[in-house]
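Report on the following structure.
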There are 2 protein chains.
Amino acid sequence: MAAGRAEGTGRSGPTLEQVAARAGVGRGTASRVINGSPRVSPRARAAVEAAVAELGYVPHRAARALAAGSADTLALVVPEQENRLFAEPYFSEILRGVSSELADTDMQLLLTLIRDERSRDRFARYAAARRVDGVLLVSVHGDDPLPELLRDAGVPAVLSGRRSADERVPHVDSDNVVGAQIAVEHLLGRGRRKVATITGPPDMYAARCRLEGYREALRAATRTEGGPDERLIAQGDFTEEGGRRAMLRLLERDPWVDAVFCASDVMAAGARLALREAGRKVPEDVALVGFDDSAVARHMDPPLTTVRQPIEEMGRAMVRMLRRLMPGEDGPPDGARAKGRAKGGGADAADEDGTRLVLPTELIRRSSS
Amino acid sequence: MAAGRAEGTGRSGPTLEQVAARAGVGRGTASRVINGSPRVSPRARAAVEAAVAELGYVPHRAARALAAGSADTLALVVPEQENRLFAEPYFSEILRGVSSELADTDMQLLLTLIRDERSRDRFARYAAARRVDGVLLVSVHGDDPLPELLRDAGVPAVLSGRRSADERVPHVDSDNVVGAQIAVEHLLGRGRRKVATITGPPDMYAARCRLEGYREALRAATRTEGGPDERLIAQGDFTEEGGRRAMLRLLERDPWVDAVFCASDVMAAGARLALREAGRKVPEDVALVGFDDSAVARHMDPPLTTVRQPIEEMGRAMVRMLRRLMPGEDGPPDGARAKGRAKGGGADAADEDGTRLVLPTELIRRSSS
DNA sequence: ACAACTACTGGGAGCGCTCCCACAGTTGAC
DNA sequence: GTCAACTGTGGGAGCGCTCCCAGTAGTTGT
């Protein structure tokens with residue numbers, strides 16, 4: 001009681017040493033219990049566990065990290081450039097997934113917003129100095145050097161989404177192609193004959209995938225050679241205004257359009273505006289389907305049918321993948337090294353080394369179609 | 001080059017010791033330079049700075065935290081219960097503010113989602129064990145014991161929003177009363193005569209404030225004794241459906257309602273639905289104003305006039321306040337201890353000890369009013 | 001019986017830093 | 001000339017942990 005320095009940063013909780021003393025064991029044994037090592041006698045384990053409970057012991061992260069040489073920390077890196085993305089549920093949901101997957105792990109989640117080159121380089125240096133054990137990169141642009149910087153530095157990283165079909169960096173993505181496909185099939189199934197699409201910017205891989213899904217669905221349905229009518233494809237830019245203008249163009253090219261698949265909900269909102277201006281009713285005259293299942297979709301009039309990505313699950317999967325990539329943690333049994341075990345062609349398509357994962361998307365039916 | 005152990009957690013960056021050696025000074029001096037202590041000769045400072053640059057030295061956080069006894073970390077705590085909130089821009093914007101304010105600081109941001117009692121207690125223990133230097137609490141409910149737990153443990157904490165008028169825990173809030181007031185004044189200024197309101201749940205302080213602002217504005221305008229007509233006040237619950245039903249009730253009570261101030265955008269969206277069902281046009285028959293400036297507001301038809309809170313700035317302010325509350329950091333000059341310096345009654349109302357801050361709100365005019 | 005294991009255990013070393021004490025070197029007052 | 005009061009400086013101690021190496025029992029084999 002008489003020890004403490006006068007003031008300063010209040011004394012922290014009990015130490016491992018104290019726990020060990022109380023349990024009547026050595027520091028080493030206490031440490032082993034805390035870390036779940038199997039080579040501890042049940043007696044010692046029980047004693048330590050009791051002591052931990054009584055003292056309310058919480059391991060000191062910094063000390064642990066310092067001693068173990070690992071940072072015990074994952075970084076979630078978000079480029080801030082487009083705050084549009086930040087506002088969408090996308091980020092929040094990724095975060096929720098990540099956070100919930102981490103809850104059991106008791107690793108820390110370090111959040112980093114990259115707002116310019118300076119902060120990016122700073123982070124790259126920070127990561128290279130092994131101040132984090134792994135990095136989750138959210139919505140990286142095609143020209144962002146960060147993934148490669150991290151790879152060269154040997155820091156494990158996982159992307160949300162791919163930058164191209166043959167993305168080399170480990171990633172978790174959702175199935176944009178199939179998502180678009182089911183959306184268009186849904187429209188066709190409702191008897192629509194002239195299904196148009198408003199695409200995203202072609203330099204974004206996800207946008208290309210959604211276009212491909214659209215084409216695929218039409219090709220399968222029409223069976224006629226030549227595939228879909230190219231005049232029914234209008235390019236947008238994932239903004240509302242872009243969606244509006246694209247819709248106007250479509251109406252101009254072919255007034256008989258009776259359905260539109262938009263590569264994002266926001267563009268669908270824009271398209272809806274254009275349709276209203278043109279006096280077309282949704283869904284009577286023109287059925288509308290979006291992509292993302294964002295807040296906009298639920299609040300549109302009429303509520304928008306859309307394609308949902310399992311974003312939260314993507315966040316979880318990213319963490320799991322990252323942990324598998326981190327040295328030391330060797331995830332589940334880890335059978336599939338040289339085995340090449342026959343993969344069941346399930347819904348989740350992961351390649352052999354579990355470093356590419358594409359999760360299924362889902363159609364949310366509302367009254368716009 | 002020949003050093004490193006075969007594998008393992010890759011050697012991390014250069015250490016202070018190496019920097020010191022390279023600069024030809026002692027470890028202590030190097031440390032002093034890194035930490036900006038003034039008691040270093042210019043010569044030594046220059047040498048160390050050069051060495052840092054050459055070696056690309058990045059201080060090891062864990063080591064620093066361990067040695068200094070501080071965690072070098074702030075926790076942002078978010079109750080997950082209502083994932084509605086999580087989806088709103090609110091959280092994202094707070095986060096952006098916090099993050100940008102922290103960018104210079106190089107403290108870590110630790111993100112914690114509280115999903116149940118277990119995780120809350122775990123966090124409380126964690127914080128009590130001084131594993132964080134301070135806590136930012138986002139949207140705490142009135143009955144959440146966390147603020148008090150932290151206070152008793154002596155962990156500095158700052159709330160976003162108050163739980164009551166005499167909130168004792170340091171907080172940053174936005175001016176809900178004045179926000180509501182300007183919204184209603186705006187409606188009155190547009191010539192509306194029967195301005196109704198849809199309130200939030202009365203057990204939420206922010207909802208009560210918005211109602212008070214509504215009353216205040218009407219009282220000032222009507223000048224007639226008795227103040228606003230109580231029949232024009234309908235209670236909602238911050239949900240869309242609640243807003244819709246409240247609007248129906250209002251129309252029933254008084255069909256001549258020509259304006260509605262809704263205590264949230266989402267409820268305004270519900271009200272808009274009800275108005276459409278009732279064949280009322282917005283804004284011709286009924287003008288609508290919301291609160292929050294959420295995504296819903298921008299995408300409503302017509303786009304919703306609403307009250308914006310400076311959420312990002314609130315996040316920044318929370319960090320600043322928290323840092324002032326942390327021992328060791330004594331923020332800016334800190335003049336106002338016993339001085340009682342005359343406060344300019346500016347827009348930002350901070351009390352003497354800088355532990356309560358209420359930021360101004362702003363009306364965003366769109367075509368719904 | 002003794003060696004050769006295996007199953008646990010205690011505690012030293014050391015992670016990279018900050019804190020702080022001791023010790024120059026310099027100045028100024030007496 | 002002495003003594004104090006500085007300003008810089010180096011480096012020991014130690015933060016709370018994990019790693020790992022000896023060590024002690026207990027078990028089996030020959």
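Lettering follows sequence order; numbering is per chain, from 1.
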For the pair made of CZ in A:R27 and C1' in C:dT9, what is the distance, rounded to whole Å? 12 Å
Just the rounded figure in Å: distance from P of C:dT18 to CD1 of B:I34. 8 Å
In terms of side-chain geometry, is the basic nitrogen of B:E101 or B:R320 positioned less than 4.0 Å from the acidic oxygen of its partner? yes
Ignoring backbone atoms, establish whether B:S41 has a side-chain N or O less than 4.0 Å from OP1 or OP2 of D:dT7. no
When all nucleic acid strands are considered with a 4.0 Å heavy-atom cut-off, which category describes A:R64: base, sugar-phosphate, or nothing? sugar-phosphate
Does the side chain of A:L357 come within less than 4.5 Å of A:L359's, by heavy atoms? yes
Could you give the distance from CG (A:D121) to CG (A:L146), rounded to the nearest 0.5 Å? 9.0 Å
Answer yes or no: side-chain N or O of A:R32 and base N or O of C:dG10 forming a donor-acceptor pair under 3.5 Å. yes
Between CG of B:L66 and C1' of C:dT18 the distance, given in whole Å, is 10 Å
Classify the side chain of B:R43 versus the base of D:dG8 as yes if they form a donor-acceptor pair under 3.5 Å and no if they do not. no
Atom pair distance, as rounded to whole Å: NE2 in B:H60 and P in C:dG14: 17 Å
Out of C:dT18, C:dT9, D:dT18, which has the shortest distance to the side chain of B:A67? C:dT18
Pair of N/O donor and acceptor under 3.5 Å linking C:dG16 base with B:R61 side chain: no
Taking DNA chain D as the partner, which of residues 17-26 of chain A come within under 4.0 angstrom of it by heavy atom? none
B:E313 vs B:R316, test: salt bridge (charged side-chain N to carboxylate O under 4.0 Å, His left out). Steps then yes/no. CA-CA 5 Å; B:E313 177 54 27; B:R316 277 207 205 84; 3.0 Å; yes
Whole Å only: how far is the CG atom of B:N35 from the P atom of C:dC17? 10 Å
Would you mind checking if A:R22 and A:E49 are paired as a salt bridge, meaning a charged N to carboxylate O distance below 4.0 Å? no
Looking across every strand, which nucleic acid part, if any, lies under 4.0 Å from B:A62 by heavy atom: base, sugar-phosphate, or nothing? nothing
Take B:V52 and B:L55 through the side chain to side chain contact (heavy atoms under 4.5 Å, CB included) test and state the conclusion after the steps. CA-CA 5 Å; B:V52 165; B:L55 266 39; over 6 Å; no
Compare side-chain N and O positions of B:R39 against OP1 and OP2 of D:dT7 and report whether any pair is under 4.0 Å apart. yes
For A:S31 and D:dT18, is the shortest distance between a side-chain N/O and OP1 or OP2 below 4.0 Å? yes
Whole Å only: how far is the CG atom of B:L16 from the P atom of C:dC19? 12 Å
Between A:T29 and C:dG10, is there a contact of a side-chain N or O with OP1 or OP2 at under 4.0 Å? yes
Most 5' of A:R45 and B:A63 on DNA chain C, judged by nearest nucleotide: A:R45
Distance (rounded to the nearest 0.5 Å) between A:I94 CD1 and A:L136 CG: 8.5 Å
